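First the structure, in the form of structure tokens, and then the observations on it.
Please read these numbers as outputs of a predicted model, since none were measured by experiment.
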Protein chains: 2
Amino acid sequence: MGASKLDIYTPEINDMATIAKVFAHPARVAILQYISKQEGCICNDIVDEIGLSQPTISQHLKVINEAGLLKGNFVGKSICYCLNINRFQEFQELFNSFFNKTKSNCC
Amino acid sequence: MGASKLDIYTPEINDMATIAKVFAHPARVAILQYISKQEGCICNDIVDEIGLSQPTISQHLKVINEAGLLKGNFVGKSICYCLNINRFQEFQELFNSFFNKTKSNCC
DNA sequence: TTTTATCATCGTAATATTGCAATATTACAT
DNA sequence: ATGTAATATTGCAATATTACGATGATAAAA
């Protein structure tokens, strides 16, 4: 096949995988890191910074946005992309919860 | 294309993405969770538990193993797969470091 | 109004991932 | 040695992802 069998897992497991996917591409990690460094941010800045084409960056931003990690303020013709800190924090807590639950004594 | 341009990112960013990829598939999340629940664990148990074929599970285990997250003790003809807690802890710390660095004031 | 700048979407090619059947390998028991 | 159980590898089909050029949409500027 090629498609993941999502229906055989618990929602928690699927959520974890979905969240991890956001960070599973270096461009998205780089974008998140870059946005966080700026006061505000414009998509074209990201294009210059990362070195991928504008459509590709836009596509990655869409993935990040669909995960709820962005807040976009429209400023004229540009868009000021910002990190949604609350959601980001939520992700961190989910990760830590998973890590802490999974760590256990074994062998 | 279809291939990620790995050479344009810092090693830290690529590492982060590589680690996240391990958790970016629900089967692997489920496998990790299951292994951590057992005292030890045998591949065939995982096959029964998760509901994917033996080759598919074996393939996912390989990905997890290549990330350094497994310790395998051969027990007779079976393999006792165990979580490499140290490495797992290391992953957690890397994630937290990334999250903490990225959280910043914006907009 | 026309131009220009910025960002999104569409279409498409290249590559990666997922999943399984078939087969190979490994280790033990007989 | 032979058989058997457990796991790994291979090969392949289906699907997903990545990347970019071309094209749209929108809003400020000229």
Can you tell me if the side-chain N/O atoms of A:His60 get under 4.0 Å from OP1 or OP2 in D:dT17?
no
Secondary-structure stems, DNA chain D, at least 3 Watson-Crick or G-U base pairs under 3.5 Å
C:1-30 with D:1-30
A:Phe88 side chain reached by A:Asn84 side chain, heavy atoms, under 4.5 Å:
no
Presence of B:Tyr81 side-chain N/O under 4.0 Å of D:dA6 phosphate oxygens OP1/OP2
no
List for me each residue that meets salt bridge (charged side-chain N to carboxylate O under 4.0 Å, His left out) alongside B:Glu93, sequence neighbours excluded, and say none if there are none.
none
Can you name the residues that form a side-chain hydrogen bond (donor to acceptor under 3.5 Å, both in side chains) with A:Gln54, not counting sequence neighbours?
none
Among residues at least two apart in sequence or on other chains, which ones pass side-chain hydrogen bond (donor to acceptor under 3.5 Å, both in side chains) with B:Glu90?
B:Arg87
Excluding sequence neighbours, so at least two apart, what forms ring pair (Phe, Tyr, Trp, His ring centres under 6.0 Å) with B:Tyr9?
none
I'd like to check B:Ile46 versus B:Leu52 (side-chain heavy atoms, cut-off strictly below 4.5 Å). Are they in contact?
no
A:Leu61 has an atom CG; how far is it from atom P of C:dT6, in whole Å?
15 Å
Between C:dG19 (P) and B:Ile46 (CD1): distance, integer Å
15 Å
Give, ordered by number, those residues of residues 51-59 of chain B having at least one heavy-atom distance below 4.0 Å to an atom of DNA chain C; if nothing qualifies, reply none.
B:Leu52, B:Ser53, B:Pro55, B:Thr56, B:Gln59
side-chain contact (heavy atoms from CB on, under 4.5 Å) involving B:Thr10 - partner list, sequence neighbours excluded
B:Glu12, B:Ile13
Please report the distance, rounded to the nearest Å, between NZ in A:Lys62 and C1' in C:dC10.
10 Å
Strictly below 4.0 Å, heavy-atom distances to any atom of DNA chain C: list the hits from residues 9-31 of chain A, or just say none.
none
Give every donor-acceptor pair under 3.5 Å between a side-chain atom in residues 55-63 of chain B and any protein atom, sequence neighbours left out.
residue: B:Thr56; atom: OG1; partner: B:Ser53; partner atom: OG; Å: 2.9
residue: B:His60; atom: ND1; partner: B:Arg28; partner atom: NH1; Å: 3.1

Would you mind telling me which of D:dT9, D:dA19, C:dC7 lies closest to the side-chain atoms of A:Ile79?
C:dC7
Candidate nucleotides D:dT15, D:dT9, C:dT18, ranked by approach to the side chain of A:Ser4 - the nearest
C:dT18
Residues two or more places apart in sequence or in another chain: which of them pass ring pair (Phe, Tyr, Trp, His ring centres under 6.0 Å) with B:Phe95?
A:Phe95, A:Phe99
Please round to the nearest 0.5 Å and tell me the distance separating atom NE2 of A:His25 and atom CD1 of A:Ile31.
9.0 Å
Which residues pass the side-chain hydrogen bond (donor to acceptor under 3.5 Å, both in side chains) test with A:Asn96, sequence neighbours left out?
B:Gln92, B:Asn96
